[in-house]
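Chain identifiers are assigned alphabetically (A, B, ...) following the order of the sequence lines, protein sequences preceding nucleic acid strands; residue numbering begins at 1 within each chain.
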Amino acid sequence: MREDTTLRPVQTSANGYLCKNFNGMSAEHLSEQEQLRRNTLNQIREAGIDPYPPEAVEVTHTAAGITAGFDDSSEERLSVAVAGRLMGKRIMGKASFAELHDHTGRIQLYFNRDEICPGDDKWKYNDFFKKMIDRGDFISVKGFVFKTQVGEISIHVEEFTLLGKSIKPLPFPKTDEEGKTYDAFTDPEQRYRQRYVDLVINREVRDTFVKRTKVIDTMRRFFNEAGYLEVETPILQPIPGGATARPFETHHNALNMPLYLRIANELYLKRLIVGGFDGVYEFARNFRNEGMDRTHNPEFTIMEIYVAYKDYKWMMEFTENMLERVVTAVNDKPEVRIGDNTISMKAPYRRLTMTDAIKEYTGVDITGMDEAALRNACKDLGIETDPSMGKGKLIDEIFGEKCEGNLIQPTFITDYPIEMSPLCKKHRDNPELTERFELIINGKEIANAYTELNDPIDQRERFEEQLKLSQKGDDEAMFIDHDFLRALEYGMPPTSGLGIGIDRLVMLITGNASIQEVLFFPQMRPEKKAVMAGPADFVAIGVPEAWAEHVIAAGFNNVENLRKEKPTAVHQKLNGFRKKNKLDVPTLQLDEVEAWMA
RNA sequence: GAUUCCGUAGCUCAGCUGGUAGAGCAAUACACUUUUAAUGUAUGGGUCCUGGGUUCGAGCCCCAGCGGGAUCACCA
């Protein structure tokens with residue numbers, strides 16, 4: 001095997017962006033089936049039919065609408081026009097059955113030769129329909145609704161049109177009478193990389209995403225009804241604030257300065273509260289330059305809302321009412337089933353302070369413990385610690401290890417240690433705690449909320465604490481945002497803020513264990529492929545069409561590879577190859593070969 | 001980042017101790033007027049992930065790499 005056929009990343013441009021020409025003609029080896037479909041495409045064109053016609057298509061009914069609304073007893077014929085993707089064909093001589101999928105579901109089509117072709121010319125059925133229409137093609141049909149002998153509501157086709165030819169065969173899973181599925185399209189890599197195929201083949205995947213949108217719609221409606229304003233804030237930020245995480249860095253050319261993709265939008269939303277809005281919220285795409293796994297994607301969505309003149313106690317009620325409504329909207333009842341657990345999302349949810357949670361699950365009362373005592377407690381509980389951990393971190397460790405996973409039913413955990421929460425107001429009863437809650441469902445954090453810190457002096461001190469952590473080597477500690485401090489100095493009303501991880505919430509509601517299942521296009525490593533040329537690439541540089549495939553057969557896998565050699569060597573090699581294999585193509589002249597090298 | 005498993009036809013997968021690359025579905029051709037995993041007969045289809053090594057001989061053994069899954073660590 002030649003050195004230049006080795007794998008290399010698809011992306012090769014200087015800026016590192018994906019730039020591969022995915023046009024199969026030039027870059028990919030075509031399977032037999034793909035080649036056949038291309039041939040079919042040509043035959044269709046030769047027959048004078050445009051396989052990709054431009055006209056808008058008349059659609060009067062949907063698949064689901066027809067099956068739901070068909071009245072068997074009616075004498076009157078229901079005429080329909082539907083469009084969609086052909087998902088299967090069963091040919092039986094002069095009659096055929098086919099399956100059409102539209103955005104609402106599937107409907108069976110019945111084709112009869114003598115009705116498609118009333119005259120003597122049976123081309124449209126025998127050749128066009130039977131041989132040139134493939135699974136995967138988009139077609140539209142006109143006809144009337146009827147019920148087959150087997151009892152399936154179907155469309156008796158009187159007329160059909162090809163709308164968009166498919167030249168790559170789709171996977172073909174099948175389900176038998178017992179509901180057993182064969183050849184399922186299940187490989188996660190392929191499903192995520194080619195989500196369009198996943199959506200076509202695995203219908204239930206579509207439902208997950210419809211639910212996702214429903215979750216967001218319902219939340220938006222809930223906030224709007226309460227009178228709060230949906231806003232947009234910068235994604236490109238000079239200071240990536242509002243959370244502790246490593247940001248993605250980019251560069252603005254005109255300003256010649258670094259910019260960061262936001263890790264959170266919190267500080268901007270609070271500026272808007274300073275500006276006098278009563279309540280603002282944003283469904284924000286955030287970016288964090290950290291590990292990827294089944295619960296983390298580099299970009300993800302958090303809904304954040306800030307409401308003036310409220311505290312975290314009010315926010316708990318607001319949150320549980322909202323979630324009850326969201327889950328009811330999606331699942332028709334305030335319930336989520338996860339494995340063997342049924343989770344009731346009906347408000348109100350249990351409230352438990354962090355101290356009480358630890359007492360409940362470990363028997364240890366951490367009230368009044370200093371750092372050394374907490375470290376001992378960790379040791380007794382078999383929790384590993386390291387010297388850099390402060391009081392807050394130690395408490396958080398105990399909670400994370402011993403409590404969080406046990407909290408299946410929705411539970412508000414309140415009153416977090418102050419070290420963990422640099423943007424949160426000190427607790428009204430205990431200066432070591434903050435007015436913060438997290439909502440834990442099914443052992444996982446779903447929401448995080450504060451009574452927001454609006455004391456500018458306190459906020460500045462908290463930022464400085466973070467700066468110290470940063471100098472100690474914590475690369476996730478927060479930056480100081482001086483403009484945000486200036487905003488607070490002008491005065492911010494008491495405010496409560498809530499953040500909900502939308503991806504995680506959708507995972508919970510749809511019962512998916514991985515974030516990749518609730519993102520249309522989860523981040524993946526770049527696809528790698530051997531760079532192989534097709535005949536078209538060689539034709540493009542002037543190689544005669546008759547020669548193109550032989551050039552490849554002679555060992556030139558791509559144009560670059562051929563141009564590396566001297567024209568004389570290529571000339572001799574190819575003519576030698578022609579002679580050896582007795583090819584029926586004209587011999588090459590040296591000046592011809594030289595012309596390819598330009 | 002660590003551990004571990006996996007990568008074979010368009011899809012799902014088998015492949016023995018290292019000895020000519022297999023099945024079902026899909027495709028192609030023919031038959032068939034109410035099927036529904038349609039059926040019957042026939043045919044074609046392979047970069048065994050990539051590169052290197054051992055060997056007379058590698059899908060299989062060894063090394064390295066790439067990609068993916070699972071578990072763990074960090075994080076939301």
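What separates CG of Leu439(A) from P of A76(B) is a distance of 16 Å, to the nearest Å. Atoms NZ (Lys94(A)) and P (C32(B)) sit 9 Å apart, rounded to a whole Å. Nucleotide U43(B) holds its P atom 18 Å from the CG atom of Leu36(A), rounded to whole Å. One can place CD of Gln194(A) at 14 Å from P of G68(B), the figure rounded to the nearest angstrom. What separates CD1 of Ile201(A) from P of C25(B) is a distance of 18 Å, to the nearest Å. If you measure from atom CE of Met292(A) to atom P of A2(B), you get 16 Å, rounded to the nearest angstrom. Going from atom CG of Asn126(A) over to atom P of U28(B) covers 15 Å, rounded to whole Å. For Gln190(A) and A9(B), the CD to P distance is 10 Å, given to the nearest whole Å.
For Glu445(A), taking side-chain heavy atoms from C-beta onward, the closest of the listed nucleotides C72(B), A76(B), A27(B) is A76(B). Set against U33(B), U12(B), A76(B), the side chain of Ile515(A) has A76(B) as its closest nucleotide. Of the candidate nucleotides G68(B), A76(B), G10(B), G68(B) has the atom lying nearest to any side-chain atom of Arg193(A). Minimum atom distance to the side chain of Glu189(A) is reached by G67(B), of the listed A76(B), G67(B), C72(B).
Using a 4.0 Å heavy-atom criterion, one finds that Asp114(A) contacts the bases of the nucleic acid, with or without backbone contacts as well. Using a 4.0 Å heavy-atom distance criterion, Asn297(A) is classed as a base contact. Contacts of Lys122(A) with the nucleic acid, taken as non-hydrogen atoms under 4.0 Å apart, are absent.
With a cut-off of 3.5 Å on both Watson-Crick or G-U wobble distances, the partner of U55(B) is given as none. The partner of U4(B) is G69(B), by the rule that a Watson-Crick or G-U pair needs both atom distances under 3.5 Å. For C48(B), there is no paired base (Watson-Crick or G-U wobble, both distances below 3.5 Å). Using Watson-Crick or G-U wobble geometry with both donor-acceptor distances under 3.5 Å, U36(B) finds no partner in any strand shown. The partner of U43(B) is A27(B), by the rule that a Watson-Crick or G-U pair needs both atom distances under 3.5 Å. Base pairing of C13(B) is made with G22(B), judged by Watson-Crick or G-U wobble geometry with both donor-acceptor distances under 3.5 Å.
For the pair Asn448(A) and Arg436(A), the minimum side-chain heavy-atom distance is below 4.5 Å. When side chains are defined from C-beta on, Lys165(A) counts as touching Asp134(A), because their heavy atoms get closer than 4.5 Å.
The environment of Arg77(A) atom CZ is sparse: at most 12 non-hydrogen atoms of other residues, nucleotides or ligands sit within 6.0 angstrom.
Going from the C1' atom of G45(B) to that of A23(B) covers 14 Å, rounded to whole Å. Across U3(B) and U47(B), the matching C1' atoms stand 31 Å from one another, rounded to whole Å. Here, C6(B) and C74(B) have their P atoms 28 Å apart, quoted to the whole Å. Annotation: A27(B) and U55(B) have their P atoms spaced 47 Å apart (nearest Å). With both ends at atom C1', the span from G59(B) to A21(B) equals 8 Å, rounded to whole Å. Nucleotides G46(B) and U36(B) place their C1' atoms 32 Å apart, quoted to the nearest Å. Comparing A29(B) with G44(B), their P atoms sit 15 Å apart, to the nearest whole Å. Using atom P as the reference point in both C61(B) and C25(B), the two lie 30 Å apart (nearest Å).
The base of G68(B) lies outside donor-acceptor range of the side chain of Asp187(A), with no N or O pair under 3.5 Å. Scanning atom types as modelled, one donor and one acceptor separated by under 3.5 angstrom connect the side chain of Asp293(A) and the base of A73(B). Residue Glu32(A) places no side-chain atom within donor-acceptor reach of the base of A9(B), judged by atom type and a 3.5 Å distance cut-off alone.
You'll find the ring centres of Phe520(A) and Phe209(A) inside the 6.0 Å limit. In this structure, Tyr416(A) has its ring center at least 6.0 angstrom away from the ring center of Phe437(A).
Each of Phe300(A) and Pro188(A) was assigned the nucleotide of RNA chain B with the nearest heavy atom; the assignment lying further toward the 5' end belongs to Pro188(A). In this structure, Lys393(A) and Ala184(A) both approach RNA chain B, and ranking their closest nucleotides by distance from the 5' end singles out Ala184(A).
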Please tabulate, for the side chains in residues 148-159 of chain A, all donor-acceptor contacts under 3.5 angstrom to protein atoms that are two or more places apart in sequence or on a different chain.
{"from": "Thr148(A)", "atom 1": "OG1", "to": "Val150(A)", "atom 2": "N", "distance (Å)": "3.4"}
{"from": "Thr148(A)", "atom 1": "OG1", "to": "Gly151(A)", "atom 2": "N", "distance (Å)": "3.2"}
{"from": "Thr148(A)", "atom 1": "OG1", "to": "Glu152(A)", "atom 2": "N", "distance (Å)": "3.0"}
{"from": "Glu152(A)", "atom 1": "OE2", "to": "Arg106(A)", "atom 2": "NH1", "distance (Å)": "3.1"}
{"from": "Glu152(A)", "atom 1": "OE2", "to": "Arg106(A)", "atom 2": "NH2", "distance (Å)": "3.4"}
{"from": "Ser154(A)", "atom 1": "OG", "to": "Gln108(A)", "atom 2": "NE2", "distance (Å)": "3.0"}
{"from": "Ser154(A)", "atom 1": "OG", "to": "Glu152(A)", "atom 2": "O", "distance (Å)": "3.0"}
{"from": "His156(A)", "atom 1": "NE2", "to": "Glu115(A)", "atom 2": "OE1", "distance (Å)": "2.8"}
{"from": "His156(A)", "atom 1": "NE2", "to": "Glu115(A)", "atom 2": "OE2", "distance (Å)": "2.8"}

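Using bins of under 30°, 30° to 60° and over 60° for the plane-to-plane angle, the ring pair Phe283(A)/Tyr281(A) lands in the perpendicular bin. Note: Phe128(A) and Phe160(A) have parallel aromatic rings, judged against thresholds of 30 and 60 degrees for the angle between ring planes. Ring geometry, Phe287(A) versus Phe248(A): the interplanar angle exceeds 60°, so the pair is classed perpendicular (tilted spans 30 to 60°).
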For this session: Starting at the 5' end of nucleotides 34-42 of chain B, put B wherever the base has a protein heavy atom under 4.0 Å, S where only the sugar-phosphate does, and a dash everywhere else.
Result: BBBBB----
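OP1 and OP2 of G69(B) both lie 4.0 Å or more from every side-chain N or O belonging to Arg294(A).
Judged by the 6.0 Å distance and 45° axis criteria, Lys89(A) is positioned over the aromatic ring of Phe129(A).
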